[in-house]
Amino acid sequence: FDGTLYLSNAIKRKAFYLISSEYENGEQIISKILNDNPFLNRYEIFKLFSKEYKSKFPNSKQIESFELSTKYSEICFNHITKFTSPRKGIFEVLNYLLDKKIECYLISATPEHDLKKIVLNLDLNKYFKSVFGAPETKEKIINRIISEEEIPKKSFFYIGDNIKYSEVSQIVGCTFIPISDNQEFDKINQNVFNNLS
């Protein structure tokens, strides 16, 4: 979802800084955690933040990482549903796939409960047969869909904005289509789209 259908990656990153700014040196701590651990989810990031903050400020009150994760989810929901832009061509391609009766699934690292709320709020649910999010891994979800739909792996197309999703598709054996606004995919010499149309 984030970065593939809607340009919301920056919103999610800023939410980490917004929350951590309430703590002394919090922005520096979260910056190091995000740079050192680019693939961790929000819960793991805030657990590390809580641990790191306590080690730097041993006399401080223990930070509840779950509370920070909840606040993060609220900020993201509000900003994504009100201020983020869809990627160019999203509705053109989704309407085309819907008209052709090509089944689509939304698979994201966003917690499934939050993701379903966002999809419903943005009126995207009509485009997807099912919506899947964390904690289940993308690899497991894709394998389950392929098995339940009884389709050849090469007939499953996975569209994503991160090079790690390319690795997931290689493990599964499905076809990967990269969509991105940065140079990340240059290292695997793959044609990259930044416009879904």
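The shown structure was predicted, so the numbers you read here are calculated from the model rather than taken from an experiment.
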What is the minimum heavy-atom distance between [X] and [Y], and which atoms define it?
| X | Y | result |
| --- | --- | --- |
| Gly133 | Ile141 | O-CD1, 4.3 Å |
| Ile142 | Val168 | CD1-CG1, 4.1 Å |
| Phe132 | Arg144 | CE2-NH2, 2.7 Å |
| Tyr43 | Pro111 | OH-CG, 3.5 Å |
| Thr84 | Leu7 | OG1-O, 3.0 Å |
| Ser180 | Asn194 | O-CB, 3.2 Å |

Exam field: side chain [X] to backbone [Y], donor-acceptor pair closer than 3.5 Å:
| X | Y | result |
| --- | --- | --- |
| Lys117 | Phe77 | no |
| Asn41 | Glu44 | yes |
| Arg87 | Gly3 | yes |
| Ser73 | Ser69 | yes |
| Thr70 | Phe66 | yes |
| Lys47 | Ser65 | no |
| Thr4 | Phe1 | no |

Worked verdict on Tyr17 versus Ser31 for side chain to side chain donor-acceptor pair (under 3.5 Å): CA-CA 8 Å; Tyr17 286 97; Ser31 182; 3.3 Å; yes
query: Any idea how Tyr127 and Phe91 line up, ring-wise: parallel (<30°), tilted (30 to 60°), or perpendicular (>60°)?
result: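 Plane angle between 30° and 60°, so tilted.
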query: Where does the angle between the aromatic ring planes of Phe46 and Phe49 fall among parallel (under 30°), tilted (30 to 60°) and perpendicular (over 60°)?
result: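 Taking Phe49 first and then Phe46, their aromatic rings stand perpendicular (interplane angle over 60°).
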Spacing of [atom1] belonging to [X] relative to [atom2] belonging to [Y], to within rounding of 0.5 Å:
| X | Y | atom1 | atom2 | value |
| --- | --- | --- | --- | --- |
| Phe157 | Leu97 | CZ | CG | 11.0 Å |
| Asn143 | Thr137 | CG | OG1 | 8.5 Å |
| Ser108 | Lys116 | OG | NZ | 12.5 Å |
| Leu122 | Thr81 | CG | OG1 | 6.5 Å |
| Ile63 | Glu22 | CD1 | CD | 10.0 Å |
| Ile177 | Ile159 | CD1 | CD1 | 4.5 Å |

- prompt: Does one side chain, of Ser8 or Asp2, offer a donor that lies under 3.5 Å from an acceptor on the other?
  reply: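 There is such a pair between these side chains.
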query: Run the side chain to side chain contact (heavy atoms under 4.5 Å, CB included) check on Leu68 and Tyr23 step by step: do they pass?
result: CA-CA 12 Å; Leu68 298 187; Tyr23 300 90; 3.6 Å; yes
task: Return the set of residues passing side-chain hydrogen bond (donor to acceptor under 3.5 Å, both in side chains) with Tyr105 (not counting sequence neighbours), or none when no residue passes.
output: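 Residues passing side-chain hydrogen bond (donor to acceptor under 3.5 Å, both in side chains) with Tyr105: Glu149.
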State plainly whether one hydrophobic cluster holds both [X] and [Y], where clusters connect Ile, Leu, Val, Met, Phe, Trp and Tyr through side-chain heavy atoms under 4.5 angstrom apart.
| X | Y | value |
| --- | --- | --- |
| Ile80 | Leu196 | yes |
| Leu48 | Leu18 | yes |
| Leu34 | Ile163 | no |
| Ile102 | Leu124 | yes |
| Phe57 | Ile30 | yes |

field: Sub-4.5 Å side-chain heavy-atom contact between Ser60 and Lys54
entry: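 They are in side-chain contact.
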Close side-chain approach of Asn162 to Phe39, heavy-atom, < 4.5 Å: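 Yes, at least one pair of side-chain atoms sits under 4.5 Å.
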message: Taking atom NZ as the centre, does Lys51 end up with more than 12 heavy-atom neighbours from other residues, nucleotides or ligands that are less than 6.0 angstrom away?
response: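 No - once you tally the heavy atoms of other residues, nucleotides and ligands closer than 6.0 Å, there are 12 at most.
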message: Counting only heavy atoms from other residues, nucleotides and ligands, does the tally under 6.0 Å from NZ of Lys164 exceed 12?
response: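 Count over threshold, so yes.
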query: In chain order, what residues pass the salt bridge (charged side-chain N to carboxylate O under 4.0 Å, His left out) check against Glu67, with sequence neighbours excluded?
result: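 Glu67: no salt bridge (charged side-chain N to carboxylate O under 4.0 Å, His left out) contacts found.
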CA sep, side-chain torsions, deciding dist, call: Ile145, Ile107, side chain to side chain contact (heavy atoms under 4.5 Å, CB included): CA-CA 11 Å; Ile145 294 167; Ile107 304 169; 4.0 Å; yes
task: Let me see the working for Tyr6 and Ile90 under side chain to side chain contact (heavy atoms under 4.5 Å, CB included), right down to the final yes or no.
output: CA-CA 8 Å; Tyr6 274 72; Ile90 176 181; 3.8 Å; yes
field: Lys56 and Glu24 ion-paired at < 4.0 Å
entry: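 No, Lys56 and Glu24 are not salt-bridged.
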Steps toward side chain to side chain donor-acceptor pair (under 3.5 Å) verdict (Ser50, Glu64): CA-CA 7 Å; Ser50 176; Glu64 295 298 327; over 6 Å; no
Trace of the side chain to side chain contact (heavy atoms under 4.5 Å, CB included) decision for Phe156 with Thr175: CA-CA 6 Å; Phe156 185 94; Thr175 303; over 6 Å; no
- prompt: Are Lys138 and Tyr165 in a cation-pi setup, meaning NZ or CZ lies under 6.0 angstrom from the ring centre and within 45 degrees of the ring axis?
  reply: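 Flagged: Lys138 positioned over aromatic ring of Tyr165.
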